[in-house]
Amino acid sequence: MFISFEGIDGCGKSSQAQMLADALRAEGRDVVLTREPGGSVGAEEIRRLLVEGAGERWSPETECLLFTAARRDHLERRILPALKQGQVVVTDRFADSTRIYQGVARGDLRELVDRLHDLMIMTEPDRTFVIDIDPATALARGKARGGTEDRFESLGLDFQEKLATGFRALAREYPKRVRLIDGSGNIADVAARVRAAL
Ligand SMILES: Nc1ncnc2c1ncn2[C@@H]1O[C@H](COP(=O)(O)OP(=O)(O)O)[C@@H](O)[C@H]1O
Ligand SMILES: Cc1cn([C@H]2C[C@H](O)[C@@H](COP(=O)(O)OP(=O)(O)O)O2)c(=O)[nH]c1=O
């Protein structure tokens, strides 16, 4: 089983990925918890190029290539071997992030994103949970967290609103795979919704 969490910055998906991995492990399942961009040695190196620095450091087209390169390495080195061994893979972000961040919010590049995906990734999760939350709340949570990985958050509230609309549309585009989860309430409330949906 391959499960991804998606949503805007600060929506709570890392917390939910961790909660689900803990719950599945407590039931005796062998779980690999991972994230993008990153999740393998090479992809973590590419991550630094992507999440640090000025908002306009890369063009949307170059971002597509870097995220796809990172994903390909993560897939080859970590995700596919784990699935082959029968492990459950839970990832904090996967290809839907590129569909929405680069394909919709950063530029009108969905067709390019789809072509790169079909060439290089060719894999979808079995289930995807989009944590749906008001962008102002999410941005405040992300800012409170601090750190230097704020390149996309630095693009502002309008950008986060475009993303939130994009992720809701994604749930309509892939009704079988993608479930929209209400991200309001505390971490345990949201985790219970994820569990019920799974
Ligand atoms: N349901 C929630 N209510 C309040 N705070 C939350 C909730 N979920 C996550 N947080 C906090 O908000 C911040 C961002 O959460 P995180 O899970 O890292 O989100 P993301 O991975 O989507 O950026 C963290 O400090 C986290 O502890
Ligand atoms: C995987 C991926 C992430 N991103 C962006 C989303 C995030 O702003 C940033 C880093 O992801 P992440 O570490 O999940 O950040 P956050 O916890 O703030 O949500 O990279 C893309 O733009 N495209 C992608 O394909």
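Here the structure is a predicted model, which means the values were calculated and not measured. In each ligand, atom 1 is the first atom listed, and ligand 1 is the first ligand listed. Values below: every heavy atom of this structure, side chains too, minus hydrogens, waters and symmetry copies.
The hydrophobic clustering, which links ILVMFWY residues whose side-chain heavy atoms are closer than 4.5 Å, places Y174 and I100 together. Residues I133 and M19 do not share a hydrophobic cluster, defined by chaining ILVMFWY side chains whose heavy atoms lie under 4.5 Å apart.
Atom 24 (C) of ligand 1 has as its closest protein heavy atom R145 CD, 4.7 Å. The protein heavy atom nearest to atom 15 (O) of ligand 2 is D9 OD2, 3.9 Å. Protein heavy atom closest to atom 11 (O) of ligand 2, with residue, atom name and distance, is R93 NE, 3.3 Å. The protein atom (non-hydrogen) at minimum distance from atom 20 (P) of ligand 1 is K13 NZ, 3.5 Å. Of the protein's non-hydrogen atoms, the one nearest atom 23 (N) of ligand 2 is Q102 OE1, 2.9 Å. The protein heavy-atom contact nearest to atom 10 (C) of ligand 2 is V51 CG1, 3.5 Å. At the top of the distance list for atom 21 (O) of ligand 1, counting protein heavy atoms only, stands S14 OG, 2.3 Å. The protein heavy atom nearest to atom 25 (O) of ligand 2 is T98 OG1, 2.5 Å. Scanning the protein for heavy atoms near atom 17 (O) of ligand 1, the closest one is S15 OG, 2.5 Å. Looking only at heavy atoms of the protein, atom 17 (O) of ligand 2 is closest to R145 NH1, 3.4 Å. For atom 9 (C) of ligand 2, the closest non-hydrogen atom of the protein is F152 CD1, 3.7 Å.
For T123 (side chain) and I121 (main-chain N/O), a donor-acceptor pair under 3.5 Å exists by modelled atom type. In this structure a side-chain-to-backbone donor-acceptor pair under 3.5 Å is missing from W58 to C64. Side chain of R35 to main chain of D92: no donor-acceptor pair is present (N/O by atom type, distance under 3.5 Å, no hydrogens or angles).
For F67 and Y101, the ring centers are positioned 6.0 Å apart or more.
With contacts defined as side-chain heavy-atom distances shorter than 4.5 Å, the pair P135/L157 qualifies. Using a 4.5 Å heavy-atom cutoff, the side chains of R77 and V41 are not in contact.
The shortest heavy-atom distance from E63 to ligand 2 is not under 4.0 Å. The shortest heavy-atom distance from G10 to ligand 1 is under 4.0 Å. Ligand 2 lies nowhere less than 4.0 angstrom from a heavy atom belonging to R35.
Residue contact check: C11 has heavy atoms under 4.0 Å from atoms 22 (O) of ligand 1. Applying the 4.0 Å criterion to heavy atoms of R71 picks out, from ligand 2, the atoms 1 (C), 25 (O). With ligand atoms numbered from 1 in the order given, ligand 2 contributes 14 (O), 16 (P), 17 (O), 19 (O) to contacts under 4.0 Å with heavy atoms of K13. Within the listing of ligand 1, atoms 1 (N) sit less than 4.0 angstrom from a heavy atom of N186.
For D158, the CG atom sits in a loose shell: 12 or fewer heavy atoms of surrounding residues, nucleotides or ligands are nearer than 6.0 Å.
In the candidate list R141, M19, R35, R141 is nearest to atom 13 (C) of ligand 1, counting heavy atoms. The residue among E36, R47, R141 with a heavy atom at the shortest distance from atom 13 (O) of ligand 2 is R47. When the heavy atoms of Y101, F67, F159 are ranked by distance to atom 3 (C) of ligand 2, first place goes to F67. The residue from G185, G12, A188 that puts a heavy atom closest to atom 1 (N) of ligand 1 is G185. Here the shortest heavy-atom distance to atom 8 (N) of ligand 1, taken over D9, I187, D189, belongs to I187.
When each of H117, R93, R71, E63 is checked for a side-chain hydrogen bond (donor to acceptor under 3.5 Å, both in side chains) with T98, only R71 meets the rule. F94 pairs with exactly one of L75, T34, T128 by the side chain to side chain contact (heavy atoms under 4.5 Å, CB included) rule, that one being L75.
Here I131 is tied into one hydrophobic group with M1, I3, F5, L20, L24, V31, L33, V88, V90, F129, I181, V190, V194, L198, each link being a pair of ILVMFWY side chains closer than 4.5 Å.
If you look at I131 next to ligand 1, there are no close heavy atoms at all, none under 4.0 Å.
Listed by first and then second residue, the salt bridge (Lys or Arg N to Asp or Glu O under 4.0 Å) pairs involving residues 46-55 are R47-E149 (not counting sequence neighbours).
If you check the side chains of E36 and T91, you find no donor sitting under 3.5 Å from an acceptor.
Distances between N or O atoms of V190 and those of ligand 1 include no value under 3.5 Å.
For the atom pair N186 CG and S15 OG, the distance stands at 11.0 Å (nearest 0.5 Å).
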